[in-house]
A.B. asks: 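Take this structure, written in structure tokens, and hold onto it; I'll ask about it next.
We're numbering straight along the sequence, starting at 1.
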Amino acid sequence: MPNESPKVPKVIHFVTGGFSGATQVAVDLCLAAKASHAMPVKLVLRQKRSTSALRVKALQDLGLDVEVVPGWSHLATILALKRICREWQADVLVAHGFSEHIWGRLAGLWAKVPVLVHVEHNSRERYTFWRLKICHWLAGKTAAMVGVSEGVKSRLIELGFPTHKCLAISNGIDWSRFETAPGLAWSGRHANVLMASRFAKQKDPITLIQAMRILHQQSFQTRLSLAGVGKPHLIQQSQKVAAQSGLSSQIDFLGHVANMPALLAQHQIFVLSTHYEGMPLALIEAMASGCACIGTDVIGVREVIQHGVTGLLVPENNAPALAEAIAMLINDSEKAENLGKAARNSVQQNFTLKVMSENYTRLLLALYQQNKVSF
């Protein structure tokens with residue numbers, strides 16, 4: 001029929017249930033698609049030890065179609081996701097993050113999902129010889145391979161994936177959550193330091209704690225708050241280093257924080273001490289809140305922070321350089337405030353959920369239409 005509306009694809013987003021940055025991106029894309037009625041979406045989470053039933057229920061309460069598949073073995077994951085793909089009759093499977101993008105695409109291929117998309121969320125994933133072999137084979141069956149930054153896209157190409165299939169779509173945050181965030185006035189904020197991230201090998205809170213020890217030795221009285229959950233032994237290790245540095249009373253371990261915009265808006269300084277990134281959402285959120293931000297000079301971070309304009313970059317794993325940057329911001333409040341304002345403007349222009357979701361929607365619709373034409 002000539003006036004019939006074109007069919008839109010049914011899309012499954014498959015991602016870790018560990019509620020990492022990759023999980024947040026997948027959740028945001030599902031929420032945006034649901035709100036705009038762009039396409040039917042289902043979110044499938046791979047069970048992890050840290051998967052919270054309460055957080056899954058919260059997503060379902062937002063109206064998302066969410067299922068959790070077993071994570072105790074790769075085969076169990078693949079079989080469960082294959083069943084969901086077939087029962088739901090998915091047209092597109094978007095598999096986020098390492099190593100979920102491997103098991104997700106294998107399940108989608110087995111279920112005969114027409115369009116497979118791989119989203120790489122980090123620049124330094126742990127590809128073994130055989131996993132890389134599998135991914136090279138899967139690349140031939142995959143319609144597109146998305147890096148969440150230009151640096152991650154370049155890394156995909158370095159790994160030998162087809163250049164013509166690789167593209168970059170930057171992560172973005174829901175600007176509405178930060179538009180009316182309380183306490184944005186600089187004078188109402190504490191000259192304290194905040195870092196929000198999972199406790200994982202990728203992140204480097206230890207260097208930040210060591211930087212705080214240097215500041216303490218220089219008679220700076222600023223406090224540090226570490227927000228986030230993660231591996232218990234890494235949290236304990238950070239707490240031990242804080243205690244050994246004599247900083248237990250100056251460092252707060254906050255755990256999971258439900259209202260990050262409110263917490264960010266209470267702080268003047270945000271630090272992301274990390275070994276590597278894809279496109280760090282926590283940093284983008286801090287910039288959206290108008291914090292003066294410091295990040296390590298690694299892929300992903302350097303694409304978000306323009307040194308001296310929207311924040312400061314310091315060498316990786318360098319406590320003295322990090323301490324010097326923090327001290328400079330504390331001593332020059334006007335400079336810090338100006339960096340925060342520039343950072344907020346940069347996020348509004350370049351790193352919003354609206355921009356990200358529109359880019360993904362265009363991509364998925366185009367891939368779906370190309371697939372229809374090819375058959």
Side-chain angles (χ1 to χ4, degrees), residues 173 178-179 181-197 203-227 242 245-247 249-252 254 260-274 277 280 282-298 300-351:
I173 52 108
F178 299 87
E179 215 163 17
L184 283 174
W186 193 257
S187 60
R189 299 175 181 231
H190 303 295
N192 293 332
V193 180
L194 171 66
M195 177 167 163
S197 73
K203 311 298 180 180
D204 186 20
I206 300 298
T207 294
L208 177 53
I209 293 171
Q210 291 169 342
M212 294 299 294
R213 180 177 60 189
I214 293 171
L215 291 171
H216 180 69
Q217 291 168 347
Q218 296 172 353
S219 299
F220 284 91
Q221 297 303 312
T222 185
R223 298 185 64 83
L224 168 64
S225 294
L226 295 170
S245 302
L247 298 174
S249 62
Q250 288 181 241
I251 299 179
D252 301 310
L254 303 180
M260 276 304 300
L263 179 65
L264 287 162
Q266 296 169 11
H267 289 77
Q268 291 185 353
I269 301 170
F270 180 90
V271 172
L272 183 62
S273 179
T274 180
E277 290 293 328
L283 175 61
I284 295 172
E285 290 185 347
M287 293 171 69
S289 297
C291 296
C293 294
I294 303 169
T296 43
D297 190 4
V298 296
V301 175
R302 68 173 70 109
E303 292 184 40
V304 179
I305 290 180
Q306 183 180 356
H307 181 66
V309 178
T310 59
L312 300 177
L313 295 172
V314 297
E316 177 189 355
N317 194 30
N318 190 323
L322 183 52
E324 183 180 353
I326 294 170
M328 187 189 80
L329 294 180
I330 293 173
N331 288 330
D332 192 343
S333 182
E334 183 179 357
K335 170 73 171 176
E337 182 177 6
N338 288 336
L339 288 175
K341 287 178 179 178
R344 184 169 162 82
N345 290 335
S346 175
V347 171
Q348 188 174 18
Q349 293 172 20
N350 302 303
F351 301 110

A.B. asks: If you compare all heavy atoms of Ala265 against all heavy atoms of Arg189, which two are closest, and at what distance to 0.1 Å?
C.D. replies: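 Reported closest heavy-atom pair: O-CG, 3.3 Å.
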A.B. asks: Is the shortest side-chain heavy-atom distance between Phe270 and Val193 below 4.5 Å?
C.D. replies: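 The answer is no, as the side chains (C-beta and beyond) never meet within the 4.5 Å cut-off.
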A.B. asks: For Leu272 and Pro280, work out which heavy atoms get closest and say how close.
C.D. replies: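 Closest approach of Leu272 to Pro280: CD2-CB, 3.5 Å.
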A.B. asks: Hey, does Gln268 have a side-chain heavy atom less than 4.5 Å from the side chain of Cys291?
C.D. replies: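 No, every pair of side-chain atoms sits at 4.5 Å or beyond.
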A.B. asks: Asn192 versus Leu224: any side-chain heavy-atom pair under 4.5 Å?
C.D. replies: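 Heavy-atom side-chain distance check fails, nothing below 4.5 Å.
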A.B. asks: Between Gln210 and Ile206, does the side chain to side chain contact (heavy atoms under 4.5 Å, CB included) criterion hold? Intermediate values first, please.
C.D. replies: CA-CA 6 Å; Gln210 291 169 342; Ile206 300 298; 3.8 Å; yes
A.B. asks: What pairs with Glu337 under side chain to side chain donor-acceptor pair (under 3.5 Å), at least two apart in sequence or on another chain?
C.D. replies: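 Listed in chain order: nothing, the list is empty.
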A.B. asks: Any heavy-atom pair between the side chains of Val301 and Thr274 that's under 4.5 Å?
C.D. replies: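 Yes - at least one pair of side-chain heavy atoms lies under 4.5 Å apart.
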A.B. asks: Run the side chain to side chain contact (heavy atoms under 4.5 Å, CB included) test against Gln221 and tell me which residues pass, sequence neighbours left out.
C.D. replies: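 Gln221 satisfies side chain to side chain contact (heavy atoms under 4.5 Å, CB included) with no other residue.
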A.B. asks: Closest heavy-atom contact between Gly308 and Lys335?
C.D. replies: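 Here Gly308 and Lys335 meet closest at O-NZ, 3.4 Å.
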A.B. asks: With sequence neighbours left out, which residue pairs that include part of residues 282-293 fulfil the salt bridge (Lys or Arg N to Asp or Glu O under 4.0 Å) condition?
C.D. replies: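 Only Arg177-Glu285 qualify under salt bridge (Lys or Arg N to Asp or Glu O under 4.0 Å).
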A.B. asks: What pairs of donor and acceptor atoms, side-chain ones from residues 314-327 against any protein atom, are under 3.5 angstrom apart with sequence neighbours left out?
C.D. replies:
| from | atom 1 | to | atom 2 | distance (Å) |
| --- | --- | --- | --- | --- |
| Glu316 | OE2 | His275 | ND1 | 2.9 |
| Asn317 | OD1 | Thr207 | OG1 | 3.1 |
| Asn318 | OD1 | Ala321 | N | 3.0 |

A.B. asks: How long is the span from the CZ atom in Phe220 to the CE atom in Met212, to the nearest 0.5 Å?
C.D. replies: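 Answer rounded to 0.5 Å: 10.5 Å.
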A.B. asks: Testing the basics here: between Ile305 and Gly311, what is the closest heavy-atom pair and its distance to 0.1 Å?
C.D. replies: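 Heavy-atom minimum between the residues: CG2-C, 3.6 Å.
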A.B. asks: How far does CD1 of Ile294 sit from CG of Leu313, to the nearest 0.5 angstrom?
C.D. replies: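 Separation between the atoms: 10.0 Å.
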A.B. asks: Taking side-chain contact (heavy atoms from CB on, under 4.5 Å) as the criterion, tell me which of Leu283, Val304, Ile173 meets it with Val347.
C.D. replies: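 Single pass found, and it is Ile173.
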A.B. asks: Are the side chains of Leu264 and Leu194 in touch, meaning some heavy atoms are under 4.5 Å apart?
C.D. replies: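 Counting from C-beta outward, Leu264 and Leu194 do come under 4.5 Å.
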A.B. asks: Short question: side chain of Arg344, backbone of Ser289 - any donor-acceptor pair under 3.5 Å?
C.D. replies: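 No: the side chain of Arg344 does not pair with the backbone of Ser289.
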A.B. asks: Enumerate the residue pairs fulfilling side-chain hydrogen bond (donor to acceptor under 3.5 Å, both in side chains) with a member in residues 304-315, sequence neighbours excluded, ordered by first and then second residue.
C.D. replies: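 For residues 304-315: none.
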A.B. asks: Which atoms form the tightest heavy-atom contact between Trp186 and Ala336, and what is the distance?
C.D. replies: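 Answer, listing the atom of Trp186 first, then Ala336: CZ2-CB, 3.6 Å.
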A.B. asks: Is the closest side-chain heavy-atom distance between Leu339 and Leu329 below 4.5 Å?
C.D. replies: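 Answer yes - side chains close enough.
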A.B. asks: What closest approach, in Å, do Thr296 and Ser273 show between heavy atoms, and which atom pair accounts for it?
C.D. replies: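 Reported closest heavy-atom pair: CG2-CA, 4.2 Å.
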A.B. asks: Scan side-chain atoms only and decide if Gln266 and His190 contain a donor-acceptor pair under the 3.5 Å cut-off.
C.D. replies: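 No - no donor-acceptor pair under 3.5 Å links their side chains.
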A.B. asks: Scan for salt bridge (Lys or Arg N to Asp or Glu O under 4.0 Å) pairs involving residues 203-223, sequence neighbours excluded, and state none if there are none.
C.D. replies: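 Every salt bridge (Lys or Arg N to Asp or Glu O under 4.0 Å) pair that includes a residue of residues 203-223, provided the two are not neighbours, is Lys203-Glu277, Arg223-Asp252.
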A.B. asks: Taking atom CD of Glu334 as the centre, report whether more than 12 heavy atoms of other residues, nucleotides or ligands fall under 6.0 Å from it.
C.D. replies: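 At most 12 heavy atoms, drawn from other residues, nucleotides or ligands, come within 6.0 Å of this atom.
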